[in-house]
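As the structure is a prediction and not an experimental result, all values here were calculated from the model.
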Amino acid sequence: MIFFRKYKKMQNSSQQTNNNSQTQKSISSELMDNVTEIKSIFSDTPDLVIRHIVIKQTDSKAALIYLSGITDSQTIYNHVLSPLLFEENKENNEADLKVSLGHIKEVTKWQEIETAILNGECVLFVDEYSEAFIFGTPDFPKRSLEDSPLESTLSGAHVGFTESIADNIGLIRKQIRNRELKIKEITVGERGKSKVSILYLEDVANPEVLQELETRIQKVDVDGIINSGVLTEFIEDNSYSPFPQLLLTERPDFAASEILQGRIVTVVDRSPNVIIGPTTFDSFFRTMDDYGSRWIVASFVRLLRYFGFFIAILLPAFYIAIISFHFEVIPLKLLFSIGVSRERVPFPPYLEAFIMEFTLEMLREAGIRLPAKIGQTVGIVGGIVIGQAAVEAGVVSNIMVIVVAITAIASFIIPNYEMSSAIRIVRFPMMILATLFGFVGIVAGIMILIAHFISLESLGTPYSSPIAPLRFKDLKDVFIRFPVWSVEKRPLSTQAVQNRRANSNRPKGDEKG
């Protein structure tokens with residue numbers, strides 16, 4: 001058995017070595033040899049186009065090769081084929097092909113040619129030439145710019161990221177038109193070859209944090225990065241925590257705002273989400289709409305989100321603890337009402353709570369996966385019809401339905417989907433602790449959560465900042481959003497090189513100048 005494993009390993013290693021040596025090989029000066037090699041590399045590829053032509057400029061035989069689905073055929077015809085087929089080279093310079101296209105590259109290695117074709121570029125082989133010409137003609141299918149489906153906006157820009165990395169970088173550049181906005185490009189994935197771009201302000205972002213992020217991305221060894229969530233799992237500090245340590249967003253204005261605060265944004269090709277880091281726990285409770293409304297209103301809404309966070313985690317656990325262990329804390333009239341409501345329910349409170357919570361999670365997941373119109377129907381049927389029928393059948397009590405409904409609404413208040421999902425998961429251990437130990441179990445669960453928050457880091461930055469470690473200046477934009485002009489410094493948690501971001505010396509009333 002061990003012999004066969006070794007043999008298979010040697011066979012795979014030998015095959016990989018052969019592939020590497022093949023891609024490192026230089027092209028031939030014979031046109032037909034190169035065409036044969038291309039057919040060998042891209043065997044069983046029906047969308048591979050090989051056009052044999054005669055270049056009028058040099059009177060040479062040539063072959064233009066590209067993949068039809070990911071190249072711009074109009075650009076190829078107008079700017080590559082037309083000049084080569086119909087225009088003469090008046091300078092009579094055979095080594096200089098005249099095409100009306102800006103991006104042209106000469107290569108000699110098969111690996112570069114293979115990568116270029118897979119990236120949507122077209123390659124020109126010319127007979128008796130030992131170089132190939134690569135023309136930039138990519139045209140991958142993409143959708144138009146539209147609102148983010150996950151992050152609705154009230155007062156911000158109505159545009160979200162798409163699957164095109166060039167468009168996403170352009171949307172951020174549109175927000176930050178400054179030469180200090182720098183971009184570092186990294187290719188990740190052995191087979192997928194995903195482009196990853198790191199965006200930051202060179203004179204603001206901390207170089208150590210930037211280096212740490214870049215090192216983590218370069219160490220990723222995987223077949224391909226399908227979306228930003230996959231890359232996040234590779235580079236975040238603690239993958240076993242239910243709480244996200246890097247923030248994903250689909251909104252360009254929010255990403256630009258975080259860059260201006262000194263954070264670093266990572267854009268992954270083919271993904272509509274960008275990654276923001278380093279982040280803190282309070283980052284997941286902020287939206288751009290907070291800064292588009294008056295600070296008093298925004299502060300009220302933000303406090304409501306934190307209140308919703310505690311409700312979403314603790315309310316079912318409190319219900320179980322009170323009904324099972326501490327019913328003496330309930331007012332007598334309310335206790336009678338609960339007793340009447342639970343009179344026909346055959347299950348103990350904890351089992352009733354678990355049934356309802358699991359039902360709610362299934363309804364939520366079904367609503368997300370189904371088409372929008374059907375999903376709404378499932379939500380109405382599940383929430384109203386099934387809930388009412390379950391109460392009338394005596395499966396669950398009225399009070400339990402109210403508790404689950406309030407819990408669901410509270411979890412929807414959290415603006416970030418990743419954090420909202422984490423809360424859904426944490427709710428169940430809290431219910432188990434309440435089932436076993438009542439209030440004591442809930443307090444123990446809260447202490448474990450606090451200890452966990454304090455131990456977490458995001459790219460080396462304390463996750464619980466500015467609460468632990470306590471940083472008073474950063475508290476201006478955590479629970480209460482102070483007026484924007486009064487927040488003069490960038491958050492210390494970003495470890496920014498330049499701290500100043502605003503000046504409080506604003507004109508007041510009818511003052512001039």
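Within the model, atoms CG of L246 and CG of L459 stand 5.5 Å from one another, a figure rounded to the nearest 0.5 Å. Taken to the nearest 0.5 Å, the CD1 atom of I259 stands 8.0 Å off from the CD1 atom of I276. Distance check, rounded to the nearest 0.5 Å: OG of S420 to CZ of F412 gives 7.0 Å. Between the CG atom in N206 and the OG1 atom in T494 there is a gap of 8.5 Å [rounded to 0.5 Å]. The OG1 atom of T266 sits 7.0 Å away from atom CG of L231, with the distance rounded to the nearest 0.5 Å. Rounding to the nearest 0.5 Å gives a distance of 4.5 Å between OG1 of T232 and CG of L248.
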key: Y417 and E250: CA distance, side-chain angles, deciding distance, side-chain contact (heavy atoms from CB on, under 4.5 Å) verdict   = CA-CA 11 Å; Y417 179 75; E250 292 185 351; over 6 Å; no
request  = Given side-chain contact (heavy atoms from CB on, under 4.5 Å), test R270 with S194 step by step and report yes or no.
outcome  = CA-CA 8 Å; R270 307 189 287 268; S194 302; 2.7 Å; yes
Verdict with reasoning, T461 to S458, per side chain to side chain donor-acceptor pair (under 3.5 Å) = CA-CA 5 Å; T461 300; S458 173; over 6 Å; no
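Counted within 6.0 Å of NZ on K105, heavy atoms from surrounding residues, nucleotides or ligands total 12 or fewer; the atom is thus considered open. More than 12 heavy atoms of other residues, nucleotides or ligands sit less than 6.0 Å from atom CD of E488. In the displayed structure, E208 atom CD is contacted under 6.0 Å by at most 12 heavy atoms of other residues, nucleotides or ligands.
Contact between G262 and V204 at its shortest, heavy atoms only, is CA-CG1, 3.6 Å. Nearest heavy-atom pair, P138 versus G136, reported as atom, atom and distance to 0.1 Å: CD-C, 3.3 Å. V265 and A255 make their closest contact through CG2-O, 3.8 Å (heavy atoms, listed as atom of the first residue, atom of the second, distance).
The six-membered or imidazole ring of Y291 lies away from that of F254, with a centre-to-centre distance of 6.0 Å or more. Residues F135 and Y66 keep their aromatic ring centres 6.0 Å or farther apart. Taking the six-membered ring where the residue is Trp, the centroids of F309 and F284 are separated by 6.0 Å or more. F42 and W110 have their aromatic ring centers separated by at least 6.0 angstrom.
The backbone N or O of L48 lies less than 3.5 Å from no partner atom in the side chain of T45, so there is not a single donor-acceptor pair. Listed for the T115 side chain is a donor-acceptor partner under 3.5 Å among the backbone atoms of Q111. Without hydrogens or angle criteria, Q245 side chain to Y463 main chain gives no donor-acceptor distance under 3.5 Å. Listed for the R490 side chain is a donor-acceptor partner under 3.5 Å among the backbone atoms of R500. Under the 3.5 Å distance criterion, the side-chain polar atoms of D282 are left unmatched by any main-chain donor or acceptor of F285. When atom types are taken as modelled, the side chain of T162 and the backbone of L145 share no donor-acceptor pair closer than 3.5 angstrom.
Using bins of under 30°, 30° to 60° and over 60° for the plane-to-plane angle, the ring pair F243/F453 lands in the tilted bin.
One finds a salt bridge joining R286 and E258 here, because a Lys/Arg side-chain nitrogen approaches an Asp/Glu carboxylate oxygen to under 4.0 Å. Using a cut-off of 4.0 Å between Lys/Arg side-chain N and Asp/Glu carboxylate O, R143 and E163 are scored as salt-bridged. A salt bridge links D237 to R216: at least one charged side-chain nitrogen sits closer than 4.0 Å to a carboxylate oxygen.
The closest side-chain heavy-atom distance from V497 to P207 is below 4.5 Å. Contact of the V268 side chain with the N227 side chain is not registered, since no non-hydrogen atoms from C-beta on lie closer than 4.5 Å. At a threshold of 4.5 Å between non-hydrogen side-chain atoms, the residues L85 and K56 do not count as touching. S228 has its side chain out of reach of V274: every pair of non-hydrogen atoms, C-beta onward, lies at least 4.5 Å apart. With a 4.5 Å cut-off on side-chain heavy atoms, S464 and I454 count as touching. Between S197 and K184 the shortest side-chain heavy-atom distance does not fall below 4.5 Å. A 4.5 Å side-chain heavy-atom check between S493 and Q261 finds every atom pair outside the cut-off. Looking only at side-chain heavy atoms (C-beta outward), K39 and I50 come within less than 4.5 Å of each other.
A salt bridge (Lys or Arg N to Asp or Glu O under 4.0 Å) check over residues 59-79, counting only residues at least two apart or in different chains, returns nothing.
A donor-acceptor pair shorter than 3.5 Å cannot be found between the side chains of R424 and S411.
The salt bridge (charged side-chain N to carboxylate O under 4.0 Å, His left out) check on D290 picks up R302, R305, with sequence neighbours excluded. Partners of E357 according to the salt bridge (charged side-chain N to carboxylate O under 4.0 Å, His left out) rule, which considers only residues two or more places apart in sequence or in another chain, are R427.
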